[in-house]
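As the structure lists them, so they are numbered: ligands from 1, and atoms in each ligand from 1. Everything numeric in this text was worked out from a predicted model, so none of it was measured.
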Amino acid sequence: MKNKIILVFTIITFLAKADEGMWMPQLIEALNIKDMKKNGFKLTAEQIYSINKASMKDAVAIFGGGCTAEVISTKGLILTNHHCGFSSIAGLSTVQNDYLKNGYWAMKPSEELNCPGLTVTFIKRIEDVTAKVMTSLNPSFSEIQKDSAIKATIKNLELLAKKDSHYEAFIRPFYYGNEYYLFVTETFKDIRLVGTPPESIGKFGDETDNWVWPRHNADFSMFRIYASAENKPAEFSADNIPYKPLYSFPISLKGIEKGDFTMVYGFPGRTQEYLTSYAVDLLINQQDPLRVSLREKRLNILDADMKKNDTLRLMYTAKYAGVANYYKKWSGEMAGLIKSDAINKKKKQEDDFLTLVSNNPSKKETYKSLFNEFKRTYQEYAPLSKQYDYFTECLWGVDAFKYAATFIPVFNELKLKQKGKENKFDELLKKTQPSLPFKNFNKETDRKICKAMLETYVANTDREFMPRFLDSLLTVHNGNTIALTDFLYNNSSFIDNDKAKLMFNDFEKNASLYERDPMYLLASSIYLHYQKTVIPQIGYYDRQINELQQVYVKGLIENVKDRKFYPDANGTLRVSFGKVADYEPKDGVLNLHYTTIDGMVEKNKTGLEDYYVKPRLVELYDKKDYGQYADKNGKLRIAFTGSNHTTGGNSGSPVINANGELIGTNFDRNWEGTMSDVMYNGNFCRNIVLDVRFTLWMIDKYAGAGYLLSEMKLVK
Ligand code: ARG
Ligand code: ASP
């Protein structure tokens, strides 16, 4: 019996370790392929990443600002999440043709819709340029000299890499600047919407289910890349033709079972796995709770107003989703870290590290004082971080402030114009001026937010640290933030539809008057105050912390020999591998690793607004016409969970089986596991994936766009 328990324990620790990590694709051969094969992977590292042959990397792209997409046909068809395509779909929607609400499917190529501004970027090659960057450094350099030497070298290397080509290039630091890698990229600019489910299905469950498992939303949308006749990136043109990719993923209809190998290939944005106990302490005890409480205040006000009528609901729906997303993520992260006793675990790691190096007295001294430096730095950083959060999450949560402050450069340019100097006033004013009436802004909603935010801000900030003009306004209004807010909203031209209309008619002529608008005066005073005081100080400490982390991570890599270290996510291409896995969210509860359409319809029957679907879905469900998309029990699956280490930016990433076939599209994580950005735990951190069979069923049976399947390679 005893032996058995020990055995089980070693397996669990081993597996937990095996699934952690976001690995650089060009190092898979050297670092991971053995582990991957042990876990069931059947292909070679070269099939994942190669610069000589077509490989999977040629079918994985950065989609828009911060998502991932995968190529799934030889005609440039790409798959990503609905929430990744959201702003493009919204941009194409009008009241008459509301593609968000009704969905959209092109039934022939000419119906594919151009998405202005949307780009898709592939990685052509990755190169280790650490040595090249480091040769520019001289040991006698001060920190500032070091910084500027590195910047200059990086710029030169980037220019050199893209020389005479249509490629772009960028260099990013890895392991806090211990290493540098160059990425040569190719960006396509003619991207067209092929199809999207209606929002009620693509975003099924909305905020109620966001970050939650069990999950039932079909979070996908499809686009196509268009290229010039030479298959090169080109601006939108009717003459462009579908892009012929170097590689596209075959799609598996065989489905998944618990324990199956899974690999996620994409562009994770940011993780901080090597933080010290001092940083985690600050996160749990100050940053996360403060940010959560400030966002909660804002969300409550928005929620109440959005319930009043459809106009307000539409005005604020995108904003609400954005604010709610990280509100929920931070609260999950905090809960997870507390439950896992993260601070003490980190402390123990630090102690273990000191013990490990203790046979070398000079090393021990170095790292002991390093941890003391961390401690001191975070003590000084904490109050600044609080002030910074009160700026970004409290004052800048007021749209009026954020918006009015965008006029600072407009007034500056006007002064140049008035002096007869070269200036950009006219074009800048045109850009900054809103189309009226305001689209996503309601004066009365914002007034309520302002009252709540100013009240909290004033109650938590010393007068001496406040922007000067706010301090004066408080004096004038006897500290009454409600009266102060009403004064601003009743007297400003910047946030009132009628007054703004008048203002933009004679903006230049009466600029000196508008420059004394109370909302503008306060907004610019807030902005300039933080730009001059807190932001540079935060920048200073961020650099300090980065340097300490650089030493710590270098120490870990050099001294902890039995562990492989992966670099934190930084928006570059990574591979995470793991398996299809269930988990226990709490004692006595087991969350199954997949969901089916039955659960979607069950949720829909509750009548809750977030679970509304169009009757068509229920009709199809009643017919049970699942065809080749059903699992072996005849069920139609929607989503599944895996142990892959993922983060924001991995949305839309291809999820691949042991044979390199697409089995799903990554879109979220479980709430209990959102702490994985700081401390991954293989026992309960799960990524959430849309089963590709549901995607195909939607296209084929729901949308009647089955003709698209003929350009895909389906593996049965
Ligand atoms: N939680 C997911 C991610 O971080 C989805 C966010 C979009 N959906 C939403 N309801 N806000 O991006
Ligand atoms: N939903 C996230 C994204 O948009 C993914 C995650 O944070 O797990 O990238």
Side-chain angles (χ1 to χ4, degrees), residues 22 60-70 79-90 100 196-197 199-213 215-221 262 264-272 295 298-299 302-303 306 313 316-333 336 568-574 576 578 608-612 639-655 664-678 680-681 684-690:
M22 302 174 168
V60 183
I62 303 174
F63 182 87
C67 278
T68 304
E70 54 275 17
L79 182 60
T80 187
N81 291 149
H82 183 268
H83 79 262
C84 295
F86 189 87
S87 58
S88 295
I89 302 165
L100 276 181
T196 172
E199 200 176 13
S200 57
I201 295 174
K203 224 182 155 197
F204 179 82
D206 206 5
E207 296 312 324
T208 308
D209 281 6
N210 191 24
W211 300 111
V212 167
W213 183 257
R215 193 64 159 276
H216 298 88
N217 60 323
D219 196 346
F220 80 97
S221 57
T262 52
V264 177
Y265 206 171
F267 293 87
R270 180 172 140 96
T271 57
Q272 299 174 287
R295 284 203 173 193
R298 239 190 316 161
L299 288 169
L302 286 174
D303 189 46
M306 283 164 73
R313 191 176 55 80
Y316 282 106
T317 175
K319 171 154 205 135
Y320 189 91
V323 178
N325 195 32
Y326 263 60
Y327 157 75
K328 208 164 174 182
K329 194 234 150 184
W330 288 326
S331 74
E333 176 176 277
D568 269 315
N570 59 359
T572 62
L573 187 59
R574 301 296 176 88
S576 324
L608 289 176
E609 199 190 330
D610 283 358
Y611 295 138
Y612 167 81
F640 65 89
T641 45
S643 59
N644 301 84
H645 192 179
T646 56
T647 187
N650 268 124
S651 272
S653 298
V655 182
T665 310
N666 192 75
F667 70 95
D668 210 5
R669 279 172 285 163
N670 61 330
W671 191 77
E672 299 83 0
T674 49
M675 60 178 271
S676 67
D677 287 348
V678 177
Y680 174 88
N681 185 322
F684 58 85
C685 289
R686 295 290 174 263
N687 60 318
I688 301 181
V689 185
L690 173 62

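- Looking only at heavy atoms of the protein, atom 8 (O) of ligand 2 is closest to Arg669 NE, 2.8 Å.
- Among protein heavy atoms, atom 10 (N) of ligand 1 sits closest to Glu207 OE2, 3.1 Å.
- In this structure a side-chain-to-backbone donor-acceptor pair under 3.5 Å is present from Arg215 to Asp209.
- Here the CG atom belonging to Asn687 is positioned 10.0 Å from the CG atom belonging to Asp668, to the nearest 0.5 angstrom.
- For atom 6 (C) of ligand 1, the nearest protein heavy atom (residue, atom name, distance) is Asn325 OD1, 3.4 Å.
- In terms of protein heavy-atom proximity, atom 2 (C) of ligand 2 is nearest to Ser651 OG, 3.0 Å.
- Of all protein heavy atoms, the one lying nearest to atom 2 (C) of ligand 1 is Asp668 OD1, 3.2 Å.
- For ligand 2, the atoms closer than 4.0 angstrom to any heavy atom of Trp211 are 7 (O).
- When heavy-atom distances to ligand 2 are checked against a 4.0 Å cut-off, Asn666 has no atom that comes that close, whether in backbone or side chain.
- Of all atoms in ligand 2, listed by their number and element, those nearer than 4.0 Å to a heavy atom of His83 are 1 (N), 3 (C), 4 (O).
- Using a 4.0 Å cut-off between heavy atoms, Lys329 makes no contact with ligand 2 at all.
- Atom 12 (O) of ligand 1 has its closest protein heavy atom at His83 NE2, 3.3 Å.
- The distance from the CZ atom of Phe220 to the CG atom of Asn81 is 10.5 Å, given to the nearest 0.5 Å.
- Protein heavy atom at the shortest distance from atom 8 (N) of ligand 1 is Asn210 OD1, 4.0 Å.
- When only interatomic distances are considered, the shortest N/O to N/O separation between Gly66 and ligand 2 does not fall below 3.5 Å.
- Applying the side chain to side chain donor-acceptor pair (under 3.5 Å) rule to Asp206 yields the partners Lys203; only residues at least two apart in sequence or on another chain are considered.
- Atom CZ of residue Arg295 and atom CH2 of residue Trp330 lie 4.0 Å apart, to the nearest 0.5 angstrom.
- Annotation for Thr271 and Ala569: closest pair OG1-N, 2.8 Å, computed over non-hydrogen atoms.
- At a cut-off of 3.5 Å, with distance as the only test, no side-chain donor of Thr646 or Asn644 sits close to an acceptor on the other residue.
- The Asn650 neighbourhood of ligand 2 comprises atoms 9 (O), with distances under 4.0 Å to a heavy atom of that residue.
- Judged purely by distance below 3.5 Å, without hydrogens or angles, the side chains of Trp211 and Asn325 pair a donor atom with an acceptor atom.
- Rounding to the nearest 0.5 Å gives a distance of 7.5 Å between CD of Glu207 and CG of Asp610.
- Residue contact check for ligand 2: Tyr326 places no non-hydrogen atom closer than 4.0 Å to it.
- Looking only at side-chain heavy atoms (C-beta outward), Ser221 and Phe86 stay at 4.5 Å or farther from each other.
- Of the N or O atoms in Gly649, one or more lie within a sub-3.5 Å distance of an N or O in ligand 2.
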